[in-house]
2 protein chains.
Amino acid sequence: MKRLPIAERREQLIEAAITVASRDGIDAATVRAVAAEAGVSLGVVHYCFQDKDELLEAMAHEITRQNLSQSLLEMPVSGDADVIIGRALELLWTGISATRGSQLLSYELTTYSMRHPEVRQVSVNQYVVSHEAARQFLETLARSARIDWTLPIEVMSRLVVMMTDGVVLAWLADDDDGAARETLEVFAQFLSAHAELQDGRGEDGLSRRVVRDRTA
Amino acid sequence: MKRLPIAERREQLIEAAITVASRDGIDAATVRAVAAEAGVSLGVVHYCFQDKDELLEAMAHEITRQNLSQSLLEMPVSGDADVIIGRALELLWTGISATRGSQLLSYELTTYSMRHPEVRQVSVNQYVVSHEAARQFLETLARSARIDWTLPIEVMSRLVVMMTDGVVLAWLADDDDGAARETLEVFAQFLSAHAELQDGRGEDGLSRRVVRDRTA
DNA sequence: GTCTATAGTTGGATAGAC
DNA sequence: GTCTATCCAACTATAGAC
């Protein structure tokens, strides 16, 4: 094929790796398969990456970045706080459910990383990035809905990350989009229950709780 | 080695498979490694199981069963509902955090199953079993604390499964036991907020909410 | 039932021609 | 920079002796 500067070749190979791994699983993302997907020969990959782990790590970094940018969508702006929160989670879910392969790959990378000390940082990084994304998500949400959270932002964002992970994993298993959305709605109510209207007059926030829990 | 009836040999090999896979990961659980762990030769495994998938499926079934039985502990009995709920989640977590390898293996099996149609039922089964365990957990909890849940039991148990999955996954990544417990405490408050005291006189339950959400 | 031996694949990694 | 050819290790699975 054509002669490319090594940096571009690397990017191309990383994209190919993501394509193969998202489609066929992390075990299928062999050096050979990636080379074939990119349309280059085996040697080229080893010229661009010292070994398979280096390629895998680069791929993990890129897919984490991609999953992040798609989850931080523009936030809906109008309506009551609980409506905005519900709508925001809906949008989040829309982005997630459209990328089944990537989501599954992300979990495969997580478990792979946990078993291989050489790439242990991958899963740590995934979590740090997710946590930071959730934090931004909640902060943007708070600004849009003009609310404050009644729990520390770290606790709230941790909850968001874990709930999201749990819902995605179950959805990957049962492919039940409705159940996932339903669960997220309940979670949205939980978030709403931990929101209080902002005020400029230093009032006691507790009395202005936006939404109490709604019993079914 | 000794000559064992095939059923016993199978059990022994399944245990060996769990040992290897919990310790070194699902990829390390090759037929060879399992045979070595069990102290038998390669051929024996293929005599007991048609192929690797059959062994893997048997292992998945067994580990799911084990994780289930350890998560359904005896429930604490005395105290207020919110105390009982918190204590129950603590006990649940104690059981989980003592079995790191098994937990990680469980997720490895999940992703593996999702990529291999031949064993696709494994992850479906995992989810069904978890869901059923959560349901029993919540029902026992309700009996002990003399409460009713204000959301359908299916919705509640789904939430428990997903929250648990998310917390465990994060804990596997960051090894932060404190953060995991903290998150579960918040989740316990959520559960408490969806509990209402049972009464024998048909009163309106909403007015007898055990615990409102506690703001931080 | 259990063993050894081996067939048949696949994949990581490198060497060397171009 | 890219290609082909090749080496070597590890794995699944089976055949056949004991």
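Throughout, a chain's letter reflects where its sequence line sits, starting with A, and its residues are numbered from 1. Heavy atoms only: backbone and side chains are in, while hydrogens, waters and symmetry mates are out.
Residue pairs meeting the salt bridge (charged side-chain N to carboxylate O under 4.0 Å, His left out) criterion with at least one member in residues 152-161 of chain A, sequence neighbours excluded, are A:R135-A:E154, A:R158-B:D174.
A donor atom on one side chain and an acceptor atom on the other are not found under 3.5 Å apart for B:Q189 and B:E185.
Cation-pi geometry between B:R181 and B:W171 is not met: the NZ or CZ atom fails to fall both under 6.0 Å from the ring centre and inside 45° of the normal.
At the heavy-atom level, B:L42 lies under 4.0 Å from base atoms of the strands shown. Backbone-only contact: B:L4 has heavy atoms under 4.0 Å from sugar-phosphate atoms and none from a base. As judged by a 4.0 angstrom heavy-atom cut-off over every strand, A:S41 is placed among the base-contacting residues.
The residue among A:C48 and B:D53 whose nearest nucleotide of DNA chain D is located toward the 5' end is A:C48. Comparing A:G43 and A:D27 along DNA chain C, the residue whose closest nucleotide (by nearest heavy atom) sits nearer the 5' end is A:D27.
Rounded to whole Å, atom C1' of C:dG1 lies 9 Å from atom CD1 of B:I6. The CG atom of B:D24 sits 15 Å away from the P atom of D:dA10 (whole-angstrom rounding). With rounding to whole Å, B:F49 atom CZ is found 15 Å from D:dT14 atom P. For the pair B:Y47 OH and C:dG1 P, the interatomic distance rounds to 4 Å; values are reported in whole Å. Nucleotide D:dT14 holds its P atom 15 Å from the NZ atom of B:K52, rounded to whole Å. One atom, NE2 of A:H46, and another, P of C:dG12, lie 7 Å apart when rounded to the nearest Å. Rounding to whole angstrom units, CZ of residue A:R32 and C1' of D:dC8 are separated by 12 Å. Note: CD (B:E8) to C1' (C:dT2) measures 16 Å, nearest angstrom.
Candidate nucleotides D:dA13, C:dT2, C:dG12 were compared by shortest atom distance to the side chain of B:R3, and C:dT2 ranks first. Proximity note for A:T30 (side chain, C-beta onward) versus D:dT2, C:dC3, C:dG11: the nearest is C:dG11.
Distance check: A:I63 CD1 to A:Q126 CD gives 9.0 Å after rounding to the nearest 0.5 Å.
A donor and an acceptor atom never sit less than 3.5 Å apart when one is taken from the side chain of A:R9 and the other from the base of D:dG1.
Contact annotation: the side chain of A:F187 never approaches that of A:V167 to less than 4.5 Å [non-hydrogen atoms, C-beta and beyond].
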